[in-house]
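Each remark here refers to the structure printed beneath this line.
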Amino acid sequence: MKIATFNINNVNRRLPNLLRWLRAAKPDVVALQELKSTDAEFPILAIEKAGYGAVWHGQKTWNGVAILARNAEPVLTRTGLPGEGDVEARYIEAAINGILVTSIYLPNGNPQPGPKFDYKLDWFKRLRSHAGKLLKQDIPVVLAGDYNVAPTEFDIYPTKSWDKDALIQPKSRAAFKALVDQGWTDAIRTIHPSKPMFTFWDYKRNRWPRDAGLRLDHLLLSPSIAPRLLKAGVDRKIRGEEGASDHAPAWIVLR
DNA sequence: ATGTCACATGTTATGTGA
């Protein structure tokens, strides 16, 4: 079973790229982020035609998350994190073939310090609270999404350019580590301990041709599913296509 | 400080967010 996470950066603008990748990579489950689409504008017909069922949680202009399942209908279990109602569409969760899968679009948090960074840290706290409850249920869970955190120095190319950026701040990294330390397995890093495995390359400053990337998209596995981890990777070449998102899909194969 | 992309508002650009 192949599960992927892909920040598509506008699902309608990037629809030809998405459909090409679905046909070529044939993932069984896909967590999409940054739909930048209202619920009504989500391209469900094209996605169904490609052989996928879907659940989605959209919003005008910004954010938006979805979960696709090949030859299956994901069973929606929640949109938004528990607690106060989220105005921004950043969380969706569904059950597919006995696995609970999320699509997370964690706030970027820039500029920092400031209210947007506070929102990021608060959102992380609410995610940890919910993730902790999922762990206690002892069910197979994959927390997939764009966490907007490069967890360590190894997850970014050598540079000073991002020193003030919310993506690499100690507080952002501590929040990610606190989540993982609940008992989750960072699947990509587990399979590839000594390769950077970038998933994002900024459009600016020639960063894709220079491979000046960051690893921001993660698949975290609950203890009951981690032993099934067989393979993991990043479909880097997707980033080089015409009209590409600034992220590439990250994926795992479970036995 | 800048670079790139895309969208919204509503203009022959500018602001916003990433």
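Worth knowing before you read on, the calculation uses all heavy atoms, side chains too, and leaves out hydrogens, waters and symmetry mates.
For A:N10, a side-chain nitrogen or oxygen approaches OP1 or OP2 of B:dC7 to under 4.0 Å. A:K116 has a side-chain polar atom (N or O) that falls below the 4.0 Å cut-off from OP1 or OP2 of B:dG17. For the pair A:R14 and B:dC5, the criterion of a side-chain N or O lying under 4.0 Å from OP1 or OP2 is not met.
Pair assignment for B:dT16 gives B:dA6, based on Watson-Crick or G-U wobble hydrogen-bonding distances that are each under 3.5 Å. Nucleotide B:dA1 has no partner under the Watson-Crick or G-U criteria, as no pair reaches both atom distances under 3.5 Å.
Taking atom CZ of A:F117 as the reference point, atom P of B:dA18 lies 14 Å away to the nearest angstrom. Atoms NE2 (A:H247) and P (B:dA6) sit 14 Å apart, rounded to a whole Å. If you take NZ of A:K160 and P of B:dG3, they are 24 Å apart, rounded to a whole angstrom. Rounded to whole Å, atom C1' of B:dA18 lies 14 Å from atom CG of A:L106. Here B:dA18 presents its P atom at 15 Å from CG of A:D217, a figure rounded to the nearest Å. Across the protein-nucleic acid pair, A:Y203 atom OH and B:dA6 atom P stand 6 Å apart, rounded to whole Å. Taking atom NZ on A:K204 and atom P on B:dT2, their separation rounds to 12 Å, with Å as the unit. In this structure, the CZ atom of A:R210 is 13 Å from the P atom of B:dT4, given to the nearest Å.
Counting only N and O atoms by type, the side chains of A:E93 and A:T102 include no donor and acceptor under 3.5 Å apart. In the model, A:D217 has no side-chain atom that pairs as donor or acceptor with a side-chain atom of A:N7 under 3.5 Å.
The aromatic rings of A:F198 and A:Y157 sit perpendicular, their planes meeting at an angle over 60°, well past the 30° parallel limit. The aromatic rings of A:F6 and A:W21 stand perpendicular to each other, their planes meeting at an angle above 60°, with 30° marking the opposite boundary.
Atom C1' of B:dT4 sits at a distance of 23 Å from the matching atom of B:dG10, rounded to the whole Å. Separating the P atom of B:dG3 from that of B:dA8 is a span of 23 Å, rounded to the nearest Å. For the P atom pair drawn from B:dA1 and B:dA13, the interatomic distance equals 26 Å after rounding to whole Å. A gap of 24 Å separates the P atoms of B:dT2 and B:dC7, to the nearest Å.
A:R207 comes within 4.0 angstrom of nothing in the nucleic acid, heavy atoms only. Backbone-only engagement by A:Y105 is indicated by non-hydrogen atom pairs under 4.0 Å involving sugar-phosphate atoms exclusively.
When each of A:R205 and A:T61 is assigned the nucleotide of DNA chain B bearing its nearest heavy atom, the one mapping closer to the 5' terminus is A:R205. For the pair A:E34 and A:N206, both in contact range of DNA chain B, the more 5′-proximal nearest nucleotide belongs to A:N206.
With salt bridges taken as basic N to acidic carboxylate O contacts below 4.0 Å, none links A:D246 and A:R207.
Looking at the side chain of A:K60, the nearest of the listed nucleotides B:dA6, B:dA18, B:dA8 is B:dA8.
For the ring-ring contact (aromatic ring centres under 6.0 Å, His included) criterion with A:H130, the lone passing option out of A:W123, A:Y91, A:F124 is A:Y91.
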